[in-house]
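Below, read A as the first sequence line, B as the second, and so on, with proteins coming before strands; counting in each chain starts at 1. The basis for the numbers below is simple: all heavy atoms, side chains too, and nothing from hydrogens, waters or symmetry mates.
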Amino acid sequence: MYGSRTTGSPYAPHTDTETVAMLDAVGVDSEEALFDIPEPVQFDGDFGIDARSERATRQLVESILERNDDLVELLGRGHYGYYIPSLVDHLSDRSEFLTSYTQYQPEVSQGFLQALFEYQSMLVELTGLEVANCSMYDAATALGEAATLADRLRSVSGSVVLVPELLAANKRSTLGNYVAGTDLTVETYPMVDGAADLDAIADRLDGDVVMLYAENPTVRGTIEPGLSTLGDLATESDSLFVLGSDPVALSLLERPADVGADVVIGDASVLGLPTAYGMGLGLFATREDYLRQVPGRLVGASEDGDDRRAYTLTLQTREQHIRRERATSNICTNQAWVALRTAIHAAALGPDGLVDLATRDVTRARELAERVDDLPGVTAPVHDRHHVREFVARVDGAASTIAADLEDHGYAVHTLGEDELQLCVAGATDDELDGFVDALSEVVR
Amino acid sequence: MSDDSGSAEIRHDQARWSTNGTYEPLLSEKDSTEIAVDADAAGLPDELTRDSVELPNLSESELARHYTRLSQQTYGITSGPYPLGSCTMKYNPTFTEDVAALPGAAVHPDRSEGSTQGTLELLYRLQGYLARIGGMDAVTLQPPAGAAGEFVGIRVAAAYHEHNGESHRDEVIVPESAHGTNFATAALGGYDVVSLPSDESGRVDLEALEAALSENTAALMLTNPNTLGLFERDIQTIAEMVHDVGGLLYYDGANLNALLGRARPGDMGFDVMHYNVHKTFATPHGGGGPGAGPVGVVSELAPFLPAPRVREADAESADGPREADGPDPTTDSTDAIYELFDPEHTIGTVHGFQGNWLVLVKAFAYIARLGDEGLADASAKAVLNANYLGSQIDYEIPYGPFHHEFVASAGEQDAADVAKRMLDYGVHPPTTKWPEIVSQALMTEPTEVETKSTLDQLAAAFNAVAEEDDATIEAAPNRTTAKRIDQTSAARNPRLSWQALDADDE
Ligand SMILES: Cc1ncc(COP(=O)(O)O)c(C=O)c1O
């Protein structure tokens, strides 16, 4: 079969004899006769796509992807390339996990349900909130879902969603699309030296803000020092306090429940997925009070006919297949398999490994900032804050030119505006960081 | 594959690991270790850190067993037939995992265009493949699932109407028998949902459609074949009626597997569609996701698509027909230069980056592997399999002629009980109780990947259950990891984490 078959789908197993027998049983004499498509809309052209053997297809994809340069990436801003333990790939690739679907029949899906229940539990521990769903698409869509949740709760009469002025552009844009069908409007609050401007926010919270959003760390890698103040301000003004973070940062930084967060969103695939061109896993956790308003799927424990603990999707009356236009979200297919990978990765790290990873994200970012700050024409970090994973550096000369030169040396970095670079240590080895510092020193010389 | 194996019964006793009367214990029951967080080690002030973290601390070998056992307690397509209607549970070719794992696929989305020509080329080629397959002019690959594709469609429709000074259009029409996401997406987009009854034949009722259409219609969302597996024979008339009032026609691509190479939404008059690559193009469903839901549009709507998209760097027009053609799909040569661009009136983004890239790589590989002939054969065999299976089961199938799926009625039996009992016969049951137009619906889609003998086994499972009494089917399943699970208890007393389990749950 491999490569030798030239017609038909290689994954349709029918022999000619079987096809004939089946057509006979149905009572028609050709496959064509089974199609009830009016003549004028029949397609008799072709796509011009040649079939290929498995080997030739692999070669094609390889030859295309080889055009991607092999660069050391010091890139982050919401998507990170941590080392993924081999165990994560091998276990998540077990075909029962990979080829099953949404657990509509829980009795035959206990394994996946348990893995998702465990994923939810890990996020409950990390956020301190009582409820975590088993996935949204990514951080940006999770933020959009948080806004529609705020819209449904409507504890204030106003309609403003307040977000930081420093926010990944696509997150902001995605949020805009999610609220387009509501009367919510998105406004920004200013930042001071890379952190929320608490005074400006206090002034702004005058009763019409339904949701206040902050990130920890921020998109520039700074650790937000004013979270409890933000939590208090949100409580006083009846705004929903939504915090953006991720499982690595959460293992070290302030626990969202302790600073008054009502909802935590973010990208959980920082654990579990390698660099994947932005593919993610939307984290969504909230307080028990909002349970009936949660978007997406929830796995719960119950009992089976033998009175043993068993797992099932639950509270499905929130969901589109039951509640239709009154559902809490339109999501159906989600990122369950990524959640499985995230849980395996977190379990493989264990509590020490996870906290250690986050700790090194702080110390290594600090060290790299110090080293590049020592270079002529480079100031880092730009913000006088603590950082995790990444930070912004200012350069003399055009950032874009420096980034292009760095690329020639084999390194990819972010450019922000005219004269800023953003550098991330998450996926890089110590040797790679040494090589980067050497390259940067040549480039800025 | 021998022809006389048809009557052989399959049985499957699913793995059931248990310890002291509990099925495979939770990670947290195997170990739970609380550690203090040391702010000093990170050089951070105490106020910026949490106090402690409590998580399982297990060795690699313990974890390997834990997840291996969980996988054994999970039924997938590689376990046996999975005829879940509307979900197109095809076999997922293993080699597509290999290409998605290529080192060249692991790139960051913020890299320069110059250093990611491979990624851009693959995306561009896939845009071209999908445009040809759907008969569309331009494609975005950003939506991470079918429902997200629907949302793009609805947002594009809104932007288009607004651009034409017609923002008063505030209704989206959805057939009664449509998937829940259609209603939910229209509502998310801020539209009033007008639900459309079917006619006696199970298709769109033209009179009802006429009554529903008005100058307030933004769009009609339609699946074709519809959720009963029936082709909407009046599709051209429907398109004309919708266009006459200035509305757009949206194609829900969930059922495209029935039509590959035989009919194209673009030729039927659809203006915008999503492709459901985890269904039609065999990317794995992963226990619920990830999938991908690329959206194709006619050229008039291309300027509104999400940003960015990919084009050839020397392309003359941003959104013209040339781009839809894509590179010559018959060549494997790779030398053009590609770039990202923002469509002129883009709605912005619906994802933080470019969607589910790894899924798109798998979909590309699947299409490149099958080619024209393979794709057309997939739809032929999918429709043949559904019709053959339909001919072998004793339950009544009220509507036809159906294509890749049929909806049988469990009659006096409860469809949910029938499904549970089918598990005891070693197969995954169909989708149940939807669409509601068939009472006690058993929505069945075997896909092209099953052999005749597997279909015979599947039919035997249906037929055995059809003969059984209520007491028997209500007591099922018996051979699965867990016995029948109490849904009411799960919802009434929500326990959504291991922290929420009380002592007697443990
Ligand atoms: C008919 C139909 N439309 C839309 C969807 C939604 O697609 P997705 O689950 O990829 O979001 C589905 C499937 O789940 C479906 O069956």
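The side chain to side chain donor-acceptor pair (under 3.5 Å) check on A:Asp138 picks up A:Thr141, B:His351, with sequence neighbours excluded. Take B:Phe183 and apply the ring pair (Phe, Tyr, Trp, His ring centres under 6.0 Å) test, not counting sequence neighbours, and it matches no residue.
In this structure, chain B has heavy atoms under 4.5 Å from both the backbone and the side chain of A:Gln105. Heavy atoms closer than 4.5 Å to chain A are found in both the backbone and the side chain of B:Ile133. Of the atoms belonging to A:Ile322, not a single heavy atom falls under 4.5 Å from chain B. For a residue to count as touching a neighbouring chain, one of its non-hydrogen atoms must lie under 4.5 Å from one of that chain's; by this rule A:Leu252 touches chain B with backbone and side chain alike. In this structure, no portion of A:Ser135 lies under 4.5 Å from any heavy atom of chain B. Contacts of A:Val299 with chain B are made by backbone atoms alone, with heavy-atom separations under 4.5 Å and no side-chain atom involved. If you measure heavy-atom distances from B:Leu26 to chain A, the contacts under 4.5 Å come from both the backbone and the side chain. If you measure heavy-atom distances from B:Met268 to chain A, the contacts under 4.5 Å come from both the backbone and the side chain. Only the side chain of B:Ser79 comes within contact range of chain A, judged by heavy atoms closer than 4.5 Å. For a residue to count as touching a neighbouring chain, one of its non-hydrogen atoms must lie under 4.5 Å from one of that chain's; by this rule A:Ala139 does not touch chain B. The contact between B:Ser391 and chain A is made entirely by side chain atoms (from C-beta outward), counting heavy-atom distances below 4.5 Å. The contact between A:Leu71 and chain B is made by backbone and side chain atoms together, counting heavy-atom distances below 4.5 Å. There is no contact between B:Leu230 and chain A, counting heavy-atom distances below 4.5 Å. Within the 4.5 angstrom heavy-atom criterion, only side-chain atoms of A:His414, from C-beta onward, approach chain B. The contact between B:Gln236 and chain A is made entirely by side chain atoms (from C-beta outward), counting heavy-atom distances below 4.5 Å. With a 4.5 angstrom heavy-atom cutoff, A:Thr182 does not touch chain B via any of its atoms. The contact between B:Glu24 and chain A is made by backbone and side chain atoms together, counting heavy-atom distances below 4.5 Å. Within the 4.5 angstrom heavy-atom criterion, atoms from both the backbone and the side chain of A:Arg324 approach chain B. Only the side chain of A:Val355 comes within contact range of chain B, with at least one heavy atom under 4.5 Å from a heavy atom of that chain. Heavy atoms of B:Ala186 lying under 4.5 Å from chain A are absent altogether. For A:Glu31, the part lying under 4.5 angstrom from a heavy atom of chain B is the side chain only. Contacts of A:Glu407 with chain B are made by side-chain atoms alone, with heavy-atom separations under 4.5 Å and no backbone atom involved. Heavy atoms of A:Arg77 lying under 4.5 Å from chain B belong to its backbone as well as its side chain. With a 4.5 angstrom heavy-atom cutoff, B:Leu102 touches chain A only via side-chain atoms. Interface remark: B:Arg262 contributes backbone and side-chain atoms alike to the contact with chain A (heavy atom separation under 4.5 Å). Interface remark: B:Tyr191 contributes no atoms to any contact with chain A (heavy atom separation under 4.5 Å).
Ring pair B:Phe353/A:His79 is tilted by interplanar angle, where 30° to 60° counts as tilted. Between A:Phe112 and A:Phe97, the angle of the ring planes goes over 60°, which puts this pair in the perpendicular group of the 30/60° scheme.
Rounded to the nearest 0.5 angstrom, B:Thr185 OG1 and B:Arg155 CZ are separated by 12.5 Å. Taking CD of A:Gln103 as the reference point, atom OG of A:Ser109 lies at 5.5 Å (rounded to 0.5 Å). For the atom pair OG (A:Ser121) and CG (B:Leu501), the distance works out to 7.5 Å, reported to the nearest 0.5 Å. The CD1 atom of B:Ile77 sits 9.5 Å away from atom OG of A:Ser95, with the distance rounded to the nearest 0.5 Å. Atom CD1 of residue A:Ile344 and atom CD of residue A:Glu118 lie 10.0 Å apart, to the nearest 0.5 angstrom. Interatomic distance, A:Gln114 CD to B:Leu27 CG, rounded to the nearest 0.5 Å: 7.5 Å.
Between chain A and the residues B:Glu448, B:Arg233, B:Gln392, B:Arg111, the largest count of heavy-atom pairs under 4.5 Å involves B:Arg111. Contact tally against chain A (heavy-atom pairs below 4.5 Å) for B:Val107, B:Thr119, B:Thr480: the top residue is B:Val107. With chain B as the partner, the residue from A:Ala140, A:Ala336, A:Gly350 showing the most heavy-atom pairs under 4.5 Å is A:Ala336. Your options are A:Val338, A:Leu126, A:Leu340, and the one with the most heavy-atom pairs under 4.5 Å with chain B is A:Leu126. Comparing B:Ala282, B:Ser28, B:Gly352 by heavy-atom pairs within less than 4.5 Å of chain A, the highest count is held by B:Gly352. When B:Leu358, B:Val359, B:Leu375, B:Leu259 are compared by the number of non-hydrogen pairs under 4.5 Å with chain A, B:Leu358 comes out ahead. Considering only heavy-atom pairs separated by less than 4.5 Å from chain A, the leading option among B:Asn92, B:Asp267, B:Asn387, B:Thr431 is B:Asn387. Contacts with chain B were tallied for A:His90, A:His321, A:Met122; A:Met122 has the most, counting heavy-atom pairs under 4.5 Å. Across A:Leu250, A:Leu273, A:Leu354, the residue that shares the most heavy-atom pairs under 4.5 angstrom with chain B is A:Leu250. Ranked by heavy-atom pairs under 4.5 Å with chain B, the first of A:Asp36, A:Leu65, A:Ile37, A:Val26 is A:Asp36. Per-residue heavy-atom pair counts under 4.5 Å with chain B were compared for A:Ala310, A:Ala168, A:Gly305, and the maximum is reached by A:Gly305. Taking chain A as the reference chain and counting heavy-atom pairs below 4.5 Å, the highest number among B:Asp38, B:Val53, B:Leu122, B:Thr181 is found for B:Thr181.
Aromatic ring centres of B:Tyr75 and B:Tyr82: separated by under 6.0 Å. Remark: aromatic rings of A:Tyr178 and B:Phe151 are close, center separation under 6.0 Å.
Under the 4.0 Å criterion applied to side-chain N and carboxylate O atoms, B:Lys381 and A:Glu18 are not assigned as salt-bridge partners.
One N or O on the side chain of B:Arg132 and one on the backbone of A:Phe47 form a donor-acceptor pair closer than 3.5 Å.
A:Tyr137 is not listed as a side-chain neighbour of A:Thr333, based on a closest heavy-atom distance of 4.5 Å or more. Counting heavy atoms from C-beta outward, A:Met22 and A:His14 have side chains that approach closer than 4.5 Å. A:Met279 places none of its side-chain heavy atoms less than 4.5 Å from the side chain of B:Pro109. Inter-residue side-chain proximity for A:Glu130 and A:Val124 is flagged as unmet; no heavy-atom pair is nearer than 4.5 Å.
When only modelled atom types and interatomic distance are considered, A:Asp69 and B:Ser115 share no side-chain donor-acceptor pair under 3.5 Å.
No more than 12 heavy atoms of other residues, nucleotides or ligands lie within 6.0 Å of CD in B:Glu60, so this atom counts as exposed by the packing criterion.
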